[in-house]
Amino acid sequence: MKNLAEFQYPESVEAALALLAASPGEARPLAGGTSLVFAADPRTRVLVDLSRVGLRSITLAADGLHLGAMATARAVGRARAVADAGLAGLAEAAAACGSRLLQNQITVGGNVVGLYPWSDLPPVLLALGAVARLRSAAGAREMSVEDLVARHPRRQLKPGELMVEIVVPPAPRHGGSAFLTFGRTAVDYTLCDVAVALELGGDAIKAARVVVGGLRLFPGRLCAAESTLVGEQPVEAVFAAAAAAAMAEVQVANDFRASREYRRELCGVLVRRVLQVAAQRAAGRTA
Amino acid sequence: MKLTATINGVRRTLEVAPRALLIDALRDAGYTSVKRGCETGDCGACTVLVDGVPLASCVVFAGQVEGRVLTTVEGLGTPDRPHPLMEAMVDAGAVQCGFCTPGMILSAKALLDENPDPTAADVKDALDGHLCRCTGYVKQIEAVLDAAARLRTRAAAGGGAR
Ligand SMILES: Cc1cc2nc3c(=O)[nH]c(=O)nc-3n(C[C@H](O)[C@H](O)[C@H](O)COP(=O)(O)OP(=O)(O)OC[C@H]3O[C@@H](n4cnc5c(N)ncnc54)[C@H](O)[C@@H]3O)c2cc1C
Ligand code: FES
Ligand code: FES
């Protein structure tokens with residue numbers, strides 16, 4: 001940010017959008033700042049601080065859970081509305097976003113738009129079928145988190161566009177989600193993380209989304225693992241088959257921390273464990 | 001650029017470079033309890049309270065605290081009049097080199113302001129993100145629980161809790 005010259009402190013979303021539109025290419029939104037402080041970005045002259053625009057609320061409505069873009073990971077992890085919505089996997093992912101200390105600062109918008117391989121919210125939001133609401137001075141639109149993370153989200157947003165909120169659809173009545181991540185130490189980068197959302201119907205798994213993160217640049221669904229699950233009973237042998245399918249289909253980038261073989265194996269273990277937890281939760285909601 | 005904030009109860013205007021980090025702005029202004037351990041957000045030594053919330057000041061732009069209320073350890077107590085958290089840290093032997101101590105005290109302060117009677121698990125949670133190279137991670141937890149008890153006793157006795 002060697003050419004950074006000023007901060008702007010808009011007090012509404014509209015004012016923030018106007019400021020971004022006024023300096024195309026030179027103004028950038030600032031949320032928690034935990035990654036922007038490291039950005040080598042000679043183009044940015046103005047940081048538009050979003051801390052006064054609102055967008056912090058976390059509320060449960062008929063169409064789902066609304067997460068304001070400026071809600072912190074800490075707030076998401078502790079929110080009553082997240083627990084009430086039956087989205088335990090989301091709370092787990094929020095509690096995994098760096099340390100508790102950093103969670104006071106990391107925001108939903110920054111974590112999703114400033115996507116890194118270790119970002120913990122995008123995989124679980126993808127598994128839960130969440131949708132991002134975007135706004136610019138020109139208008140508003142929606143994009144699923146799945147589409148948003150197909151490339152880097154920053155490149156999906158148009159110049160001057162802000163993510164204003166994420167909407168997570170209501171968990172199905174017999175639904176359960178879970179998230180697990182694994183690193184060498186409590187503070188090291190993740191070697192792999194897995195998020196799962198399951199829906200049970202009768203004795204069988206009616207719908208399943210299995211998402212892996214940390215292994216490549218962007219998180220992605222494991223479709224072979226998902227189809228192994230659908231129509232089957234939520235039992236250990238089925239979870240093991242899904243884990244095997246996951247290991248066969250997953251693509252693993254090189255990383256100096258651990259071999260490809262190790263991370264592939266790790267992915268299988270996490271898929272099995274996370275399915276057990278999500279299935280228990282889904283069954284619990286059945287009762 | 002000019003940055004105005006209330007630091008330890010005093011309204012101050014500092015001259016900072018636009019890309020300055022909060023840790024540097026504070027240290028340059030004399031608040032040297034704010035320690036530089038890693039400068040990557042990993043260690044917690046640079047923690048300050050911003051509107052009562054602990055933040056790692058090495059991953060915050062100085063410009064982000066415009067108009068905010070900041071607290072560093074200098075604002076909690078002095079060697080002559082230490083805050084109960086400071087006393088308890090010393091009494092528990094939770095301090096060796098002391099580099100991690102100011103940050104831990106501030107995160108503990110934020111916890112006790114919200115929850116005067118925390119469990120050991122609450123304290124561990126609140127100190128997550130604070131690394132100590134010297135003493136390990138037991139004595140600080142004992143110290144915070146002890147400080148909580150001292151503050152409760154003081155409040156019950158009608159003394160002003162800080
Ligand atoms: C030491 C360390 C460890 C970490 N570990 C983890 C971890 O384990 N898991 C994890 O998930 N995260 C982790 N993080 C956080 C992660 O790396 C990012 O720093 C964080 O997600 C960025 O969020 P922010 O709110 O600080 O965003 P900022 O740094 O303010 O912004 C990030 C990007 O998003 C853009 N942006 C922000 N908000 C919006 C919006 N509403 N609309 C449009 N664009 C926007 C900004 O312009 C910028 O490009 C860690 C961070 C640190 C420093
Ligand atoms: S110096 Fe800021 S977290 Fe280590
Ligand atoms: S006392 Fe030395 S780092 Fe904690």
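Computed from heavy atoms alone, side chains included, the values below leave out hydrogens, waters and symmetry copies. Lettering of chains follows the sequences in order, A, B, ..., and the numbering in each one begins at 1.
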Quick one: does Glu66(B)'s side chain get under 4.5 Å of Phe7(A)'s, heavy atoms only?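 They are not in side-chain contact.
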
Main-chain N/O of Gly32(A) paired to Gln64(B) side chain as donor or acceptor, under 3.5 Å: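 Yes; at least one donor-acceptor contact below 3.5 Å.
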
Main-chain N/O of Val53(B) paired to Asn104(A) side chain as donor or acceptor, under 3.5 Å: no

So does [X] have more than 12 non-hydrogen atoms from other groups sitting under 6.0 Å from [atom1]?
X: Arg133(B); atom1: CZ; answer: no
X: Lys139(B); atom1: NZ; answer: no
X: Arg36(B); atom1: CZ; answer: yes

At their closest point, which heavy atom of [X] faces which heavy atom of [Y], and how far apart are they?
X: Gly44(B); Y: Leu101(A); answer: CA-CD2, 3.6 Å
X: Leu102(A); Y: Gly41(B); answer: CD1-O, 3.4 Å
X: Ser99(A); Y: Gly129(B); answer: CB-CA, 3.4 Å
X: Leu4(A); Y: Arg19(B); answer: CD2-CA, 3.9 Å
X: Leu21(B); Y: Val37(A); answer: CD2-CG1, 3.7 Å
X: Glu39(B); Y: Phe38(A); answer: O-CE2, 3.7 Å

Between Ala31(A) and chain B, which part of the residue has a heavy atom less than 4.5 Å away: side chain, backbone, both or neither? backbone

Using non-hydrogen atoms and a 4.5 Å limit, figure out which bit of Leu36(A) sits close to chain B: side chain, backbone, both or neither.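 Its backbone and side chain both get close to chain B.
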
Lys2(A), Arg52(A), Arg74(A): which one forms the most heavy-atom pairs within less than 4.5 Å of chain B?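 Of Lys2(A), Arg52(A), Arg74(A), Arg52(A) has the most heavy-atom pairs under 4.5 Å with chain B.
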
With no hydrogens and no angle check, just 3.5 Å: does a side-chain donor-acceptor pair link Arg100(A) and Ser107(B)? no

Salt bridge check, Glu114(B) against Arg78(A): does any charged N sit closer than 4.0 Å to a carboxylate O?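 Answer for the salt bridge query: yes.
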
Ion pair present between Arg68(B) and Asp49(A), side-chain N to carboxylate O less than 4.0 angstrom? no

